[in-house]
Chemist: 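I have a structure I would like to understand better, so I am pasting it below and will then ask my questions one at a time.
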Amino acid sequence: MDYRQDVEKFLIYEEYLIAATVDAYSALPHPLAYAASFSHISRELDLINLGNCSVANASLPLSDTKAKLPNPSINLALKYVVLGRGTQNYSCPALNASSDLKATIKPIATGAAATLFDASCLASRSGALLHQLPAMLSNVPLGSISFIAALLGQGTKSTDLIIGQHYFNAGGDPVFDLSLSGSDSWIVAKKDAAVSAPVTEPSDNQSGNVPWLKLGHKDGCNIQEVYRVVTSQGDPPSMCTGQNETFQVAYAAEYWFYG
């Protein structure tokens, strides 16, 4: 019993140490802070070699927002934790619309698309390290999918980390397809609740963070509820001035799946 308590104390101390280190990086100029954060995360992942990827002890970070999302339904169990990297998609009036008109109209959300990377092992081992990754991944170009997989593979020693995709169907519903994991898990979801993301200080080139969500079941297999948490970027400009008729904003987030 004493040994287990010592291990638990060490893990708690380690997570506080990681969080404090990243807070220190945030005071650096953005390019330098990004590089320092990447180097730190890479070193931490090198130290993790996970053999047991049970998510039974992973903790959904619902207390990090001012208003709290509802808890998962009591009859459900956590199935997957993934990192999504993609775009939030928006529309504005046609290009020939007047500047005065565009200055009065807010962009309209038209959906999202993202690649889903398995983060279940990391969630089971170090929630503090997991929660650092969306902010870093939202700055990685979309074409660098192999880089993201290689980075996450440092901790899991796995090469099969792309396990699914997220998109919106023709009816405008969010879809999460996890078939690349080898399972038949998927869900067509509906929004049950939303809260504002914690306030961060974006750089000149970054957008605000999209809200945290709880999504319920509309159709699917093995998945009943989905949480989008620890979001990074994805918010549109406040008005349509200077925007194309359709445009995308990069984002990253954690998705937690319950079934």
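For the numbers below, each heavy atom of this structure counts, side chains included, while hydrogens, waters and symmetry mates do not.
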Chemist: Can you tell me how far CG of Leu83 sits from CD1 of Ile163, rounded to the nearest 0.5 angstrom?
Modeler: 10.0 Å
Chemist: Please name the pair of heavy atoms, one in Leu130 and one in Ala123, separated by the smallest distance, quoted to 0.1 Å.
Modeler: CD2-CB, 3.8 Å
Chemist: List the atom of Thr65, the atom of Pro198, and the distance in Å for their closest heavy-atom pair.
Modeler: CG2-CD, 3.7 Å
Chemist: When you compare the side chain of Ser196 with that of Pro211, does any pair of heavy atoms fall below 4.5 Å?
Modeler: no
Chemist: ring-ring contact (aromatic ring centres under 6.0 Å, His included): which pairs involve residues 74-94, sequence neighbours left out?
Modeler: Tyr90-Phe247
Chemist: Taking C-beta and beyond as the side chain, do His166 and Pro174 meet within less than 4.5 Å on heavy atoms?
Modeler: yes
Chemist: Name the one of Ile187, Leu60, Ile223, Asn75 that satisfies side-chain contact (heavy atoms from CB on, under 4.5 Å) with Tyr258?
Modeler: Leu60
Chemist: The criterion is side-chain hydrogen bond (donor to acceptor under 3.5 Å, both in side chains); which residues satisfy it with His131, sequence neighbours excluded?
Modeler: Glu254
Chemist: Check for me, please, whether Leu213 and Ile108 land in the same ILVMFWY cluster - side-chain distances under 4.5 Å, paths through other members count.
Modeler: no
Chemist: Side-chain heavy atoms under 4.5 angstrom apart, residues restricted to Ile, Leu, Val, Met, Phe, Trp, Tyr: same cluster for Phe168 and Tyr227?
Modeler: no
Chemist: Transitively linked via ILVMFWY side-chain contacts under 4.5 Å: Leu62 with Leu78?
Modeler: yes
Chemist: Verify, without hydrogens or angle tests, whether Ser183 (side chain) and Ser185 (backbone) share a donor-acceptor contact under 3.5 angstrom.
Modeler: yes
Chemist: Please name all residues satisfying side-chain hydrogen bond (donor to acceptor under 3.5 Å, both in side chains) with Lys106, sequence neighbours left out, ordered by chain then number.
Modeler: none
Chemist: Which residues, ordered by chain and number, are linked to Val175 in its hydrophobic cluster, where ILVMFWY side chains connect at heavy-atom gaps below 4.5 Å, directly or through other members?
Modeler: Tyr167, Trp186, Val188
Chemist: Between NZ of Lys191 and CG of Leu215, what distance do you get to the nearest 0.5 Å?
Modeler: 9.0 Å
Chemist: Does any pair with a residue in residues 220-239 pass salt bridge (Lys or Arg N to Asp or Glu O under 4.0 Å), and if so which ones, sequence neighbours excluded?
Modeler: Lys214-Glu225
Chemist: What residues form a side-chain hydrogen bond (donor to acceptor under 3.5 Å, both in side chains) with Asp184, not counting sequence neighbours?
Modeler: Asn222
Chemist: Could you report the tightest heavy-atom contact between Cys92 and Asn244, atom names first, then the distance?
Modeler: CB-O, 3.6 Å
Chemist: If you apply the rule side chain to side chain contact (heavy atoms under 4.5 Å, CB included), what do you find for Phe117 with Val82, and how did you get there?
Modeler: CA-CA 5 Å; Phe117 301 86; Val82 309; 5.9 Å; no
Chemist: Taking side-chain hydrogen bond (donor to acceptor under 3.5 Å, both in side chains) as the test, write out the residues that go with Ser91, two or more places apart.
Modeler: none
Chemist: Indicate the atoms forming the closest heavy-atom contact of Ser120 with Val55, along with that distance.
Modeler: CB-CG1, 3.6 Å
Chemist: Excluding sequence neighbours, so at least two apart, what forms side-chain contact (heavy atoms from CB on, under 4.5 Å) with Ala250?
Modeler: Arg85
Chemist: With rounding to the nearest 0.5 Å, note down the distance linking CG in Asn89 to OG1 in Thr110.
Modeler: 5.0 Å
Chemist: Supply the members, apart from Met239, of the Ile/Leu/Val/Met/Phe/Trp/Tyr cluster built from side-chain contacts under 4.5 Å; use none for a lone residue.
Modeler: none
Chemist: Quick check: closest heavy atoms across Ala189 and Asp173, and the distance to 0.1 Å?
Modeler: O-CB, 4.0 Å
Chemist: Under the side chain to side chain contact (heavy atoms under 4.5 Å, CB included) criterion, do Thr87 and Val249 qualify, and how do the steps go?
Modeler: CA-CA 5 Å; Thr87 62; Val249 180; over 6 Å; no
Chemist: Rounded to the nearest 0.5 Å, what's the gap from OH on Tyr251 to CG on Leu137? Could you check?
Modeler: 11.5 Å
Chemist: Can you see which heavy atom on Ser59 is nearest to which on Trp256, and at what distance?
Modeler: O-CH2, 3.3 Å
Chemist: Using modelled atom types only, decide if a donor and an acceptor are shared between the side chain of Ser232 and the backbone of Ala252 within a distance under 3.5 Å.
Modeler: no
Chemist: Is a donor on one side and an acceptor on the other found under 3.5 Å between the side chain of Ser126 and the backbone of Leu129?
Modeler: yes
Chemist: Passes side chain to side chain contact (heavy atoms under 4.5 Å, CB included), Leu178 versus Leu116? Steps please.
Modeler: CA-CA 8 Å; Leu178 302 179; Leu116 304 179; 3.7 Å; yes
Chemist: Output the distance between atom OG1 (Thr241) and atom CD1 (Ile105), rounded to the nearest 0.5 Å.
Modeler: 9.5 Å
Chemist: Can you tell me which residue pairs pass the salt bridge (Lys or Arg N to Asp or Glu O under 4.0 Å) test with a partner in residues 58-82, sequence neighbours excluded?
Modeler: none
Chemist: To the nearest 0.5 Å, how far apart are CD in Gln233 and OG in Ser207?
Modeler: 4.5 Å
Chemist: Name all residues meeting the salt bridge (Lys or Arg N to Asp or Glu O under 4.0 Å) criterion together with Asp192; count only those two or more places apart in sequence or in a different chain, and write none if there are none.
Modeler: Lys190
Chemist: Measure centre to centre between the rings of Phe257 and Phe176, then say whether the value is under 6.0 Å.
Modeler: yes
Chemist: Going by the disulfide bond (SG atoms under 2.5 Å apart) test, which pairs reach into residues 162-194, not counting sequence neighbours?
Modeler: none
